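Below: the structure, in C-alpha cells.
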Amino acid sequence: MELIDGNKIAADIIAELKAEVATLPGRRPCIALVRVGEDPASISYVAKKQKTSAEIGIESRLIFPPVTITQDELFALIDGLNADAGVDGILVQSPLPKHLNEVAVFRRIAAHKDVDGFHTMNLGKLAQEDATGFVACTPAGIMELLQRSGVKLSGQHVVVLGRSLIVGKPAALLALQRQPWANATVTVCHSQTANLPAFTRQADILIAAIGKPEFVTAAMVKPGVVVIDVGVNRVPDATKKSGYRLTGDVHFPSVSPLCSKITPVPGGVGPMTVALLMKNTVKARRQNALPGPV
Ligand code: NAP
C-alpha cells in the first residue's frame with residue numbers, strides 16, 4: 001500500500017505557481033476573499049487561502065462583512081468586485097449564514113472570476129468539456145492527485161460516492177472527460193443507491209465524498225483499489241486536547257491494507273483544495289488579460 005501525500009503534491013503545485021507568477025507580465029494576480037461573519041472554521045480557511053496567496057505572489061483583498069449583511073448588500077459588494085478590473089478571482093467562503101441564499105450568491109459572481117467553479121456557467125463548461133471554465137477546486141485537486149501519483153483512469157472503473165455539486169458530480173464529470181488523463185467508466189452512488197457495496201466492490205478507483213465518518217469498510221472494496229477519501233469529519237475523542245479527531249469517509253485501518261494507493265485524512269485531498277484555488281486564480285489572471293469574453 002502506498003500513501004498519496006497531498007501535502008507534498010500541493011507544495012509542488014504551489015512552487016510551480018510561484019515560478020509561473022514571477023514570469024507573468026503586468027500586475028500580479030489578485031483574489032478577493034469574502035468572509036461573512038466570524039465562523040471559526042471559515043476564519044481558518046480564509047487565513048490559509050490568504051497565506052498561500054502571499055507565498056505564491058498572488059495579491060489577496062480581504063473583505064469581511066458582518067453576519068448581519070443582507071442578500072442585496074452582499075450582491076452589491078459582489079457587483080463591485082465583478083466590475084473591478086484589478087480583481088481576477090472572487091471567493092465567497094462557504095457556508096454562508098442561513099438567511100443568505102448561497103446558490104444565488106455564487107451565481108452573482110461573474111463567471112470569468114468564479115475561481116471556486118460553482119457558477120452555473122462553469123458547471124456547464126465542465127459538462128461541455130470546455131477548458132476555459134473553472135472547475136471546483138476539490139474535484140480538480142482529486143484529478144491532480146491521481147495524475148501526479150501515476151494512477152491511470154483510462155478504461156478503469158471509477159466509483160464516486162456522493163453527488164454534491166461541490167465534489168461528487170464534478171469529480172464524476174472530470175473522470176468522464178474525453179482526455180488521456182480521464183476516459184474512465186464512471187458510476188455515481190448516493191444515499192438512495194440500493195446495494196451500495198455491490199458497486200463499491202467493482203471500483204478500480206473509489207472516490208468517497210459523503211461526509212459519513214469511516215463509512216467505507218474493508219468488505220466494500222476489492223484488493224488493489226485506489227481510494228481517494230474526501231471526507232473531513234470530526235468525531236469525539238477524549239484523548240485529544242481539542243476533544244475530537246479528524247477522520248475521513250473511509251475506515252483507514254481496515255481498508256488501507258487492501259489498497260494499492262490511498263489518501264490519508266488529514267493530509268490527502270484537503271491541501272489540494274487550496275492549491276487548486278490558487279491555480280484557478282492564476283488561470284483567471286491569464287484569461288482576463290486576453291481581449292474579449294472567454
Ligand atoms: P454533501 O453536499 O453533504 O453531499 C453528500 C453526498 O453523499 C450526497 O450526494 C448524499 O446523497 C451522499 N450520501 C450521504 N449519505 C450516504 C450514504 N449513506 N450512502 C451513499 N451516499 C450517501 O457533502 P459534500 O459537500 O460533497 O462533502 C462530502 C465530504 O467531503 C464531507 O465530509 C466534506 O467535509 C468533505 N469535503 C472535503 C473537502 C476537502 O477539501 N477535503 C472539500 C469539500 C468537502 P444524496 O444526494 O442522496 O443526499
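Counting convention: from 1, in listed order, for ligands and their atoms alike. Quick caveat: nothing in here was measured; it's all calculated off a predicted structure. Every heavy atom of this structure was used, including side-chain atoms; hydrogens, water molecules and symmetry mates were not.
- Nearest protein heavy-atom neighbour of atom 42 (C) of ligand 1: T138 OG1, 3.2 Å.
- For atom 48 (O) of ligand 1, the nearest non-hydrogen atom of the protein is S191 OG, 3.7 Å.
- With ligand atoms numbered from 1 in the order given, ligand 1 contributes 26 (O), 43 (C), 44 (C) to contacts under 4.0 Å with heavy atoms of V167.
- Atoms of ligand 1 found under 4.0 Å from any heavy atom of N233, numbered from 1 in the order shown, are 32 (O).
- Close contacts of ligand 1 with G211, meaning ligand atoms under 4.0 Å from a residue heavy atom, involve 28 (C), 29 (C), 31 (C), 32 (O).
- Contacts with ligand 1 closer than 4.0 Å are made by no heavy atom of M272, backbone or side chain.
- If you check which protein heavy atom lies closest to atom 18 (N) of ligand 1, you get F215 CE1, 3.4 Å.
- With T23 contributing its side chain and E20 its backbone, the two residues share a donor-acceptor pair below 3.5 Å.
- Here the shortest heavy-atom pairing between D249 and I210 reads OD2-N, 2.7 Å.
- Using 4.0 Å as the threshold, G270 has a heavy atom nearer than that to some atom of ligand 1.
- The shortest N/O to N/O separation between D249 and ligand 1 does not fall below 3.5 Å.
- Within 6.0 Å of atom NZ in K8, 12 or fewer heavy atoms from other residues, nucleotides or ligands are found, so the atom counts as exposed in its surroundings.
- Distance from atom 34 (O) of ligand 1 to its nearest protein heavy atom, with residue and atom name: V232 O, 3.4 Å.
- The main-chain N or O of L96 is found under 3.5 Å from a side-chain atom of E102 such that the two form a donor-acceptor pair.
- Checking each of Q156, M143, K261 against V151 for a side chain to side chain contact (heavy atoms under 4.5 Å, CB included) leaves exactly one that passes, namely K261.
- The minimum heavy-atom distance linking D88 with T281 is given by the pair CB-O, 4.4 Å.
- The minimum heavy-atom distance between R35 and P65, with the atom names listed, is O-CD, 3.3 Å.
- Here the shortest heavy-atom pairing between A104 and Q71 reads CB-NE2, 3.7 Å.
- At the shortest separation from atom 46 (O) of ligand 1 among protein heavy atoms lies R163 NE, 2.7 Å.
- At a heavy-atom distance under 4.0 Å, atoms from both the backbone and the side chain of I210 approach ligand 1.
- Every N/O-N/O distance between Q192 and ligand 1 stays at or above 3.5 Å.
- Side chain of S260 to backbone of G224: a donor-acceptor contact under 3.5 angstrom is found.
- Scanning all heavy atoms of the two residues, the minimum distance from V87 to L81 falls at CB-O, 4.1 Å.
- For the residues A171, G231, C137, S164, the heavy atom positioned nearest atom 1 (P) of ligand 1 is part of S164.
- Heavy atoms from both the backbone and the side chain of V230 come within less than 4.0 Å of ligand 1.
- The backbone N or O of L196 lies less than 3.5 Å from no partner atom in the side chain of T193, so there is not a single donor-acceptor pair.
- Proximity of atom 3 (O) of ligand 1 to the protein is not indicated, since no non-hydrogen protein atom lies closer than 4.0 angstrom.
- When only non-hydrogen protein atoms are considered, atom 39 (C) of ligand 1 lies nearest to T273 OG1, 3.7 Å.
- Under a 4.0 angstrom heavy-atom cut-off, G168 registers as lying outside contact with ligand 1.
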